[in-house]
**Student:** 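One structure, as structure tokens, below. Some questions next.
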Amino acid sequence: MDTKVYYLDRNNPDFDVLKYAGSVIRGGGTVVFPTETVYGLGANALDAKACKKIFEAKGRPQDNPLIVHVCSTSIDDFVEKIPDRAKKLMDRFWPGPLTIIFKKSKLIPDVITAGLDTVGIRMPSNNIARELVRQSGVPIAAPSANLSGRPSPTNVKHVIDDLYGKVDVILGGGNCDVGLESTVVDMTERPAILRPGGITYEQLKELIDDIYIDPAVMKKPDKNFRPKAPGMKYRHYAPKAKMVLIRGGLEDVVGKINELCRENMSKGLKVGILSTEQTYDKYPFGTVLSMGDRKRPETIAANIFDRLRQFDDLGVDLILSEAVEEKNIGLSIMNRMKKAAGYNIINI
Ligand code: TXA
Ligand code: MG
């Protein structure tokens with residue numbers, strides 16, 4: 001397939017390009033676009049045939065539903081009803097990195113929701129994303145624009161590596177601000193966080209007192225595992241190398257990583273180390289990349305997927321990674337890191 005790539009300035013996007021990309025969506029094609037979380041691979045959410053192309057391009061399992069992207073809070077046509085507390089969340093967090101699960105209306109095709117009677121909807125805050133939806137004139141179904149199983153794309157290079165030749169249009173728009181996917185919240189029953197993401201548990205709790213984190217978020221999946229967000233059961237965000245997370249007091253962690261690094265290098269393995277700004281200088285061996293600043297964990301969120309992909313490009317055999325504290329955005333970061341590591345964690 002011939003893929004057209006355009007680079008847009010997110011503060012001043014070229015409207016001719018957005019109009020064209022909108023017409024591709026309306027015509028049943030696929031368009032990759034930036035959002036504040038990660039890049040999305042979009043198609044007309046009301047067109048089952050167009051949405052099938054998303055699953056094909058990504059190699060995505062059919063039982064994993066897609067998120068529908070909108071450009072306003074007028075979503076009545078797509079849902080059965082908007083519960084009062086869901087409305088509160090929309091007012092506070094939209095546009096932004098929060099996906100809300102509603103009971104779906106008949107307009108939403110089954111292929112999007114993988115046969116569920118619910119649909120996940122979000123209004124992104126990224127200008128290009130919202131303007132693309134507006135120009136299309138239809139809601140846009142979009143999962144992250146990576147090949148299934150790989151780390152989500154947070155810049156246009158990641159997208160091109162995975163999807164060039166498999167989609168009609170790629171809209172580049174710089175690095176994604178948040179760098180982790182949206183938080184998915186189920187508002188059809190007792191409010192539950194099905195996937196932690198850009199909006200934190202602590203932020204949601206301020207508005208919805210009895211919200212809880214679905215136990216599936218914390219657990220290692222086994223064969224009987226049926227999380228409410230089907231996507232949570234797949235090995236996701238996975239770099240090609242084996243990855244191990246080392247968790248504990250920071251000095252002990254540094255010591256352990258150095259020990260494991262030497263041990264594995266002496267076996268002839270190429271070892272990558274995921275450090276932080278605070279520890280970057282403390283690793284004399286291995287290929288060291290910093291995830292960001294521990295004092296500003298949002299920088300770690302923004303970088304983590306890129307660093308995992310960099311290690312792929314560098315061809316390391318083993319990634320030894322520091323852990324971060326599991327609170328606020330740290331919970332979402334650790335959720336992705338644990339999956340990337342296949343729940344391979346050393347506690348010291
Ligand atoms: O930030 C994001 O959400 C990005 C950007 C592109 O918007 N999209 C994204 O989509 O991360 P995806 O497909 O990679 O992840 C969607 C997650 C999956 O875990 C899926 O199972 C869950 O949301 N999900 C979607 N619809 C659902 C539904 N009706 N019920 C439960 N979970 C749902
Ligand atoms: Mg994804």
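When a ligand or atom number is given, it counts from 1 through the structure's own listing order.
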**Student:** Compare Ala114, Gly120, Pro65 and give the one whose heavy atom is closest to atom 33 (C) of ligand 1.
**Tutor:**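 Looking at heavy atoms only, Pro65 sits closest to atom 33 (C) of ligand 1.
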
**Student:** Have a look at Lys104 and tell me which of Val119, Val79, Val68 forms a side-chain contact (heavy atoms from CB on, under 4.5 Å) with it.
**Tutor:**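 Only one option passes, and that is Val119.
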
**Student:** When you check the side-chain N and O atoms of Arg130 and Ser72, is any donor under 3.5 Å from an acceptor?
**Tutor:**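 No, no side-chain donor-acceptor contact under 3.5 Å.
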
**Student:** Could you tell me which residues satisfy side chain to side chain contact (heavy atoms under 4.5 Å, CB included) with Glu202, sequence neighbours excluded, listed by chain and number?
**Tutor:**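 Glu202 satisfies side chain to side chain contact (heavy atoms under 4.5 Å, CB included) with Thr200, Lys327, Asn328 only.
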
**Student:** Does any non-hydrogen side-chain atom of Val253 lie less than 4.5 Å from one of Arg247?
**Tutor:**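 No, too far: nothing below the 4.5 Å cut-off.
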
**Student:** Could you tell me which atoms of ligand 1, counted from 1 in the order shown, lie closer than 4.0 angstrom to a heavy atom of Leu116?
**Tutor:**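 Result: 28 (C), 29 (N), 30 (N).
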
**Student:** Is atom CG of Asp84 surrounded by more than 12 heavy atoms (other residues, nucleotides or ligands) closer than 6.0 Å?
**Tutor:**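 No, not enclosed.
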
**Student:** Is ligand 1 less than 4.0 angstrom away from at least one heavy atom of His69?
**Tutor:**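 It does, in that a heavy atom of His69 comes within the 4.0 Å cut-off of ligand 1.
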
**Student:** Identify which of Gly198, Gly40, Ala142, Ala145 has a heavy atom lying nearest to atom 8 (N) of ligand 1.
**Tutor:**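 Ranked by closest heavy atom to atom 8 (N) of ligand 1, first place is Ala142.
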
**Student:** For Arg26, check side chain to side chain contact (heavy atoms under 4.5 Å, CB included) against everything at least two apart and list the hits.
**Tutor:**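 Listed in chain order: Ser23.
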
**Student:** Against heavy atoms of Thr37, which atoms of ligand 1 measure under 4.0 Å?
**Tutor:**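 Under 4.0 Å from Thr37, ligand 1 has these atoms: 1 (O), 2 (C), 4 (C), 5 (C).
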
**Student:** Tell me whether the Mg ion (ligand 2) has Asn146 as a neighbour, meaning an N, O or S atom of it below 2.8 Å.
**Tutor:**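 Given the 2.8 Å cut-off, Asn146 does not count as a ligand of the Mg ion (ligand 2).
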
**Student:** Does the N or O separation between Thr35 and ligand 1 drop below 3.5 Å for any pair?
**Tutor:**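 Thr35 vs ligand 1: no N/O contact under 3.5 Å.
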
**Student:** Does the pair Arg294/Glu322 count as a salt bridge with the N-to-O cut at 4.0 Å?
**Tutor:**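 A salt bridge links Arg294 with Glu322.
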
**Student:** Check ligand 1 against Ser144 and write out every atom of the ligand that is under 4.0 Å from a heavy-atom position of the residue.
**Tutor:**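 Listed by number with element, the hits are 8 (N), 9 (C), 10 (O), 12 (P), 14 (O).
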
**Student:** Determine whether the side chains of Ser182 and Arg195 contain a donor N or O and an acceptor N or O closer than 3.5 Å.
**Tutor:**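 A pair is found: one side chain offers a donor N or O, the other an acceptor, under 3.5 Å apart.
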
**Student:** If you apply the rule side-chain hydrogen bond (donor to acceptor under 3.5 Å, both in side chains), what do you find for Ser148 with Arg60, and how did you get there?
**Tutor:** CA-CA 5 Å; Ser148 215; Arg60 181 178 176 104; 5.8 Å; no

**Student:** Between the candidates Arg60, Glu181, Lys103, Arg195, which shows the shortest non-hydrogen contact distance to atom 13 (O) of ligand 1?
**Tutor:**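 Selected option, by shortest heavy-atom distance: Arg60.
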
**Student:** Does Val184 come within less than 4.0 angstrom of ligand 1, counting non-hydrogen atoms of the residue?
**Tutor:**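 Judged by the 4.0 Å heavy-atom criterion, Val184 does count as contacting ligand 1.
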
**Student:** Within the 4.0 Å heavy-atom shell around Thr118, which atoms of ligand 1 are there?
**Tutor:**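 Reading through ligand 1 atom by atom, the close ones are 28 (C), 29 (N), 30 (N).
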
**Student:** Under 4.0 Å, heavy atoms only, figure out whether ligand 1 is touched by the backbone of Thr113, its side chain, both or neither.
**Tutor:**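 Neither part.
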
**Student:** Would you say ligand 1 has an N or O under 3.5 Å from any N or O of Tyr39?
**Tutor:**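 No: no nitrogen or oxygen of Tyr39 is under 3.5 Å from one in ligand 1.
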
